[in-house]
2 protein chains.
Amino acid sequence: MAEAKDMYSFEKPGSTLAMAEDVMGCKWSLSVLGVVRQGICRPGMIQRSIEGLTTKVMNERLKKLTRYNIIERQAYPEIPPRVEYHLTDFGKKFVSILDQFSALDQELETRAKS
Amino acid sequence: MAEAKDMYSFEKPGSTLAMAEDVMGCKWSLSVLGVVRQGICRPGMIQRSIEGLTTKVMNERLKKLTRYNIIERQAYPEIPPRVEYHLTDFGKKFVSILDQFSALDQELETRAKS
DNA sequence: CAGTATCCAGACCGATACTG
DNA sequence: CAGTATCGGTCTGGATACTG
């Protein structure tokens, strides 16, 4: 059984926090997540939306985000092939936490003005 | 003035989110933050608390966290020298967001049990 | 269009020795 | 005790070409 102290220790392997660390530690992860959440879901469009992102890295990130169940992949058996990525329910919770970092910005700005 | 769409774009340079990315992307950052929040505030103790952490990397992390105003450094002019690091108010908000990632774990566990 | 393979420069971090 | 300097291996990500 977990002790209360454990509530305050970071770095549990396999935890959501460790996952967040892994995701955020990779360059381009947040950019990709950002455009996917905006509804830009096809690889070609994702790449064209993000200046400087290469195919290789994009696919690595999409794979990682998929593996962590933050986004999910749907492939349509057409010619030419079509693939779509969308946030999962878990992914929506995940990005809503990321938003709270941004919310701190607003708070700091507001404070600066007053 | 910012458009509504900007609310959903990640990756603003200089933002708290970019800072979070920078911090979390560095190995050992969260470990260091974790022990400092527990009140382990002196470098020697911090290092002894974290298996595998070297002096060099610890100091790099402490510097970065200090630069971002997540923790603050207090030096006492004694012999031998004594230094303490503590969370700032901003840092407390920062770690409370990190806790929400961990909170997702609880939620998932609870759901698994039921 | 979606995705993979290969190559390589540079960043990161671990080990160690050192200063005040 | 707190912190810095140096060196070297590893791993990441950027460029490019390629397959189905």
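Basis for what follows: all heavy atoms, side chains included, without hydrogens, waters or symmetry-related copies. A note on names: the letters A, B, ... follow the listed sequences, proteins ahead of strands, and every chain is numbered from 1. The shown structure was predicted, so the numbers you read here are calculated from the model rather than taken from an experiment.
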Looking at [N], I'd like to know if its phosphate oxygens (OP1 or OP2) sit under 4.0 Å from a side-chain N or O belonging to [X].
{"X": "B:Trp28", "N": "C:dC12", "value": "no"}
{"X": "A:Lys27", "N": "C:dA11", "value": "no"}
{"X": "B:Arg42", "N": "D:dA2", "value": "yes"}

A:Val36: which of A:Ile71, A:Leu65, A:Val95 passes side chain to side chain contact (heavy atoms under 4.5 Å, CB included): A:Ile71
Whole angstrom is fine here: how far is it from [atom1] in [X] over to [atom2] in [N]?
{"X": "A:Met58", "N": "D:dG13", "atom1": "CE", "atom2": "C1'", "value": "14 Å"}
{"X": "A:Ile71", "N": "C:dA2", "atom1": "CD1", "atom2": "P", "value": "14 Å"}
{"X": "A:Glu51", "N": "D:dG14", "atom1": "CD", "atom2": "C1'", "value": "14 Å"}
{"X": "B:Lys56", "N": "C:dT19", "atom1": "NZ", "atom2": "C1'", "value": "17 Å"}
{"X": "B:Ile79", "N": "C:dT19", "atom1": "CD1", "atom2": "P", "value": "18 Å"}
{"X": "B:Leu53", "N": "C:dC13", "atom1": "CG", "atom2": "C1'", "value": "11 Å"}
{"X": "B:Ile40", "N": "D:dA2", "atom1": "CD1", "atom2": "C1'", "value": "17 Å"}
{"X": "A:Gln47", "N": "D:dG14", "atom1": "CD", "atom2": "C1'", "value": "12 Å"}

5'-most by nearest nucleotide on DNA chain D - A:Pro81 or A:Arg61: A:Arg61
Quick one: does [X]'s side chain get under 4.5 Å of [Y]'s, heavy atoms only?
{"X": "B:Tyr68", "Y": "B:Phe90", "result": "no"}
{"X": "A:Met19", "Y": "A:Thr16", "result": "yes"}
{"X": "A:Gln74", "Y": "A:Val83", "result": "no"}
{"X": "B:Asp99", "Y": "A:Leu17", "result": "no"}
{"X": "A:Leu33", "Y": "A:Leu87", "result": "yes"}

Out of D:dC1, C:dC1, C:dT4, whichever nucleotide has its closest atom nearest the side chain of B:Arg48: D:dC1
Side chain of A:Val57 (C-beta onward), nearest among D:dG14, C:dC1, D:dA2: D:dG14
Nearest-nucleotide 5' precedence on DNA chain C, B:Glu60 against A:Leu62: A:Leu62
Test: B:Lys56 and B:Glu60 ion pair at under 4.0 Å: yes
Stem regions touching DNA chain C, defined by at least 3 consecutive Watson-Crick or wobble G-U pairs below 3.5 angstrom: C:1-20 with D:1-20
Sugar-phosphate, base or nothing in reach of A:Tyr76, heavy atoms under 4.0 Å: nothing
